[in-house]
Amino acid sequence: MSAPDEESALLGLAPVAPDRTVVYGSGPDRVIDLYGPWAGAARGPLVVLLHGGFWRAAYDRRHLSPLAAELAGHGLPVALAEYRRAAGGAARMVEDVSAAVSAAVDEAGDGAADEAGCAARAVLLGHSAGGHLALLAAARPGVPVARVVAVSPVADLARAHELGLSGGAVAELVGGGPGLAARIAAADPARHPPAGVPVTILHGGDDPEVPPELSRRYAAAAGAVATAVGARTGAAGPTAAGHTRTTLHELPGVGHYAPVTPGTPACRTLLTELLGGWAV
C-alpha cells in the first residue's frame, strides 16, 4: 500500500463513538474518550492513546477512534486523549498529556493494576506527534506510566526541524525567532529520554511523513537495541546514561499510517506488542 493509500485508508474510516468521555481540565480539548473493558475486566494494560497531526488544531483524536475501538475489542481498556494544540507550545501539551494519563489511571483504578497488585499505571501509546508527546510526558516525574509505545514518533525534534517536516511544524510548535535552538532542545525527546520507563518504537521503513531516521537517532541517543523487522524481540538491557531499555522495530515496506489502521499487518504487530509486551 502506497503512502497516499495508507493515509486515505485511515482517514476514510468512520469515527467510533466512545463508551463515555471524561473531562480532565477546563476547555473543550481537555477530555479523554474511554473504550473497552474497565473495572477489572481487562485482558491487558490500560492504554492511553495520543493522536498526531504535527501538533496542529486541524487534527484531532477522531481519526484514531477506530484504533481505540480495535484495541478495546481485544480486551484493552483505552483512553483516547485530546490535548490543547496550536499556540501554547510543547510544555502545555505535555502538561495536558500528563493530566490525561493521571485521569485515565484514576478511572481505571484497580483495573489497571497487574496480577501481582502493582500500582495502577498506563502504557502511553502515541502516533507521530503524539509519539513525541508520549516520550516527553514519560520523562516527567510522577506521571504514572509503566511503558511507552511510540509509533512513527517525531522523536528527534532538532532533526525534524532541520528537515523542515510538514512545512516548518517544529518552529510552529516552539515558536520561531531568537532562542529557537534552546526551545527545540527543551522539547526534544532525544535530549530527554525517560528514566525508568521502557520504550518501544515501531516505525515504518518507508514512512514519508516522519522519516525512520528520527527514530534511529533517538535509539542511538538512548543506547537502544534496534531490530529490522516485524517479529517481537526481548526487551533490551540497561542503556547508556542510566536510562531504561529502548527497543526500535523497523517495519519494512510500511509507511506512516498503516500501524494505526485496523486490519493491516502493521497494526497487528502493534496489537501483539501491546498484548504481549507489558511489564511493570
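Reckoned from all heavy atoms, side chains included, excluding hydrogens, waters and symmetry mates. Position 1 is the first residue of the sequence; numbering continues from there.
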Peer 1: Test your reading of the model: is there a side-chain donor-acceptor pair from Arg183 to the backbone of Pro178, 3.5 Å cut-off?
Peer 2: yes
Peer 1: Does any N or O in the side chain of Asp19 come within less than 3.5 Å of the main-chain N or O of Gly36, such that one atom is a donor and the other an acceptor?
Peer 2: yes
Peer 1: Is the ring pair His51/His63 parallel, tilted or perpendicular, if the boundaries are 30 and 60 degrees?
Peer 2: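 The arrangement is perpendicular - the two ring planes meet at more than 60°.
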Peer 1: Report yes or no: does Arg84 contribute a side-chain atom to a donor-acceptor pair with the main-chain N or O of Asp96 at less than 3.5 Å?
Peer 2: no
Peer 1: Closer than 3.5 angstrom, by distance alone: can the side chain of Thr264 be matched with the main-chain N or O of Val260 as a donor-acceptor pair?
Peer 2: no
Peer 1: Output yes when a side-chain donor or acceptor of Glu6 lies under 3.5 Å from a complementary backbone atom of Ala258, and no otherwise.
Peer 2: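 Checking the backbone N and O of Ala258 against the side chain of Glu6, a donor-acceptor pair under 3.5 Å is found.
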Peer 1: Report yes if the side chains of Glu107 and Pro77 come closer than 4.5 Å at any heavy-atom pair, otherwise no.
Peer 2: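 A side-chain contact under 4.5 Å is absent here.
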Peer 1: So does Tyr257 get a backbone contact from the side chain of Glu7, meaning a donor-acceptor N/O pair under 3.5 Å?
Peer 2: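 Flag not set: sc Glu7 to bb Tyr257 has no pair under 3.5 Å.
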Peer 1: Classify the ring geometry between Trp55 and His132 as parallel (under 30°), tilted (30 to 60°) or perpendicular (over 60°).
Peer 2: perpendicular
Peer 1: Consider only side-chain heavy atoms of I, L, V, M, F, W and Y, link residues closer than 4.5 Å, and tell whether Leu34 and Val23 are in one cluster.
Peer 2: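 Unlinked, Leu34 and Val23 end up in two clusters.
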Peer 1: Would you check if the side chain of Ser102 reaches a backbone N or O of Ala99 as a donor-acceptor pair within less than 3.5 Å?
Peer 2: no
Peer 1: Can you tell whether the side chains of Arg92 and Glu95 come within less than 4.0 Å, N to carboxylate O?
Peer 2: no
Peer 1: Can you find a heavy atom in the side chain of Pro193 that is under 4.5 Å from one in the side chain of Leu135?
Peer 2: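 No, side chains not in contact.
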Peer 1: Flag the pair Tyr35 / Leu71 as yes when at least one side-chain heavy-atom distance between them is below 4.5 Å, and no otherwise.
Peer 2: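 Tyr35 vs Leu71: side chains apart.
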Peer 1: Determine, using the 4.5 Å side-chain heavy-atom cutoff (strictly less than), whether Met93 and Leu180 are members of one ILVMFWY cluster.
Peer 2: yes
Peer 1: Should Tyr59 and Leu67 be regarded as members of a common hydrophobic cluster, given that ILVMFWY residues are connected when their side-chain heavy atoms come within less than 4.5 Å of each other, either directly or indirectly?
Peer 2: no
Peer 1: Just so I know, are the side chains of Ser65 and Asp33 near enough to count as touching, which here means a heavy-atom distance under 4.5 Å?
Peer 2: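 Result no, sub-4.5 Å side-chain heavy-atom pair not found.
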Peer 1: Do Asp207 and Ser152 have side-chain heavy atoms sitting under 4.5 Å apart?
Peer 2: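 Result yes, sub-4.5 Å side-chain heavy-atom pair found.
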Peer 1: Linking I/L/V/M/F/W/Y whenever any side-chain heavy atoms sit under 4.5 Å apart, do Val22 and Val31 land together?
Peer 2: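 As far as the 4.5 Å side-chain criterion goes, Val31 and Val22 are not connected within one cluster.
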Peer 1: Is the side chain of His203 donor-acceptor paired with the backbone N or O of Val210 at a distance under 3.5 Å, no angle test?
Peer 2: yes
